[in-house]
Amino acid sequence: MFGAFRPTNSLGGGLLWKIPWRLSKFQKARQRKRLRAVDTVVATLDKALAKQSITTKAVERWKEEMPIEQEMVPKDKYTIFDRKEKKYRKSIRKLPKWTRVSQRVNPPGY
């Protein structure tokens, strides 16, 4: 027990990386800003293509399927669907690369 080969202290149990389950108001503001920035890029791209009378399937599909930031419910802005979670929702921060991945559409009813 004592000496060179004594056991090391454990980390005290629980998660090693503690991630708060709730976003702060500053993180929420940055998330809304990111969503609006994507919306403006899509709108600008659509206007530029419309001037040249060109349509793209990807842009049209994005406009049909993805809601803009103002249309989204706060629950969809800050949480994502996860079938393994207790209430089928988890904080968007648990998603890897959550600042770079667009996660706007969730299954109906969740």
Side-chain angles (χ1 to χ4, degrees):
M1 293 301 282
F2 301 107
F5 299 106
R6 67 175 179 254
T8 58
N9 290 337
S10 63
L11 291 173
L15 292 174
L16 179 60
W17 303 105
K18 305 255 190 244
I19 300 175
W21 63 275
R22 184 180 297 180
L23 294 174
S24 70
K25 63 181 180 178
F26 305 108
Q27 289 169 324
K28 287 181 180 181
R30 285 194 299 269
Q31 174 67 6
R32 288 191 304 270
K33 187 178 176 182
R34 274 187 221 102
L35 291 170
R36 285 193 300 267
V38 171
D39 292 338
T40 56
V41 168
V42 171
T44 304
L45 188 61
D46 187 44
K47 283 182 189 176
L49 291 173
K51 279 186 181 179
Q52 297 179 356
S53 64
I54 301 173
T55 59
T56 307
K57 284 184 190 176
V59 174
E60 294 302 319
R61 184 175 175 202
W62 179 275
K63 287 172 47 183
E64 288 174 10
E65 294 178 4
M66 299 290 191
I68 61 173
E69 188 263 334
Q70 289 82 13
E71 295 172 350
M72 292 177 72
V73 183
K75 180 174 82 169
D76 288 339
K77 290 181 194 178
Y78 312 122
T79 61
I80 57 171
F81 174 78
D82 185 18
R83 62 186 175 90
K84 296 175 292 222
E85 287 291 316
K86 193 174 197 178
K87 293 187 177 182
Y88 301 105
R89 285 281 180 166
K90 68 180 181 181
S91 176
I92 198 164
R93 293 179 63 202
K94 304 272 186 175
L95 177 72
K97 299 184 173 86
W98 68 281
T99 59
R100 292 178 271 167
V101 178
S102 179
Q103 184 71 30
R104 295 184 184 218
V105 180
N106 292 295
Y110 293 102

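Reckoned from all heavy atoms, side chains included, excluding hydrogens, waters and symmetry mates. For the single chain, residues carry numbers from 1 onward in sequence order.
- Grouped with Met72 in one hydrophobic cluster are Leu35, the linkage being side-chain heavy-atom contacts under 4.5 Å among Ile, Leu, Val, Met, Phe, Trp and Tyr residues.
- Residue Lys75 holds its NZ atom at 8.0 Å from CG of Asn106, rounded to the nearest 0.5 Å.
- By the ring-ring contact (aromatic ring centres under 6.0 Å, His included) test, Tyr110 is found to be paired with Phe81, Tyr88, residues two or more places apart in sequence or in another chain being considered.
- From Ile54, atom CD1 reaches atom CG of Asp46 across 11.5 Å, with rounding to the nearest 0.5 Å.
- Here the CG-CD distance, from Leu49 to Glu60, works out to 9.0 Å after rounding to the nearest 0.5 Å.
- Separation of atoms CD (Gln31) and CH2 (Trp98) is listed at 5.5 Å; rounding is to 0.5 Å.
- Under the side-chain hydrogen bond (donor to acceptor under 3.5 Å, both in side chains) criterion, Lys28 pairs with no residue, sequence neighbours left out.
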task = May I have the step-by-step check of side-chain contact (heavy atoms from CB on, under 4.5 Å) for Leu45 and Trp62, ending in yes or no?
result = CA-CA 12 Å; Leu45 188 61; Trp62 179 275; over 6 Å; no
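- The shortest non-hydrogen separation linking Val105 to Glu65 is CG2-O, 3.7 Å.
- For the pair Asp82/Lys94, no side-chain contact is recorded, criterion being any heavy-atom separation below 4.5 Å from C-beta on.
- The line from NZ of Lys97 to CG of Leu95 is 9.5 Å long, rounded to the nearest 0.5 Å.
- Note that the CD atom of Gln27 and the CZ atom of Arg93 stand 4.5 Å from one another [nearest 0.5 Å].
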query = Can you list the steps and then say if Met66 with Arg61 is a side-chain contact (heavy atoms from CB on, under 4.5 Å)?
reply = CA-CA 8 Å; Met66 299 290 191; Arg61 184 175 175 202; over 6 Å; no
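- Here the shortest heavy-atom pairing between Ile80 and Ser91 reads CG1-O, 4.4 Å.
- Nearest heavy-atom pair across Pro96 and Val101 is O-CG2, 4.1 Å.
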request  = I would like to know whether Gln103 and Thr79 meet side-chain contact (heavy atoms from CB on, under 4.5 Å); could you show each step before the answer?
outcome  = CA-CA 9 Å; Gln103 184 71 30; Thr79 61; over 6 Å; no
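- Taken together through direct or relayed side-chain contacts under 4.5 Å among Ile, Leu, Val, Met, Phe, Trp and Tyr, Ile68 and Val42 form parts of separate hydrophobic clusters.
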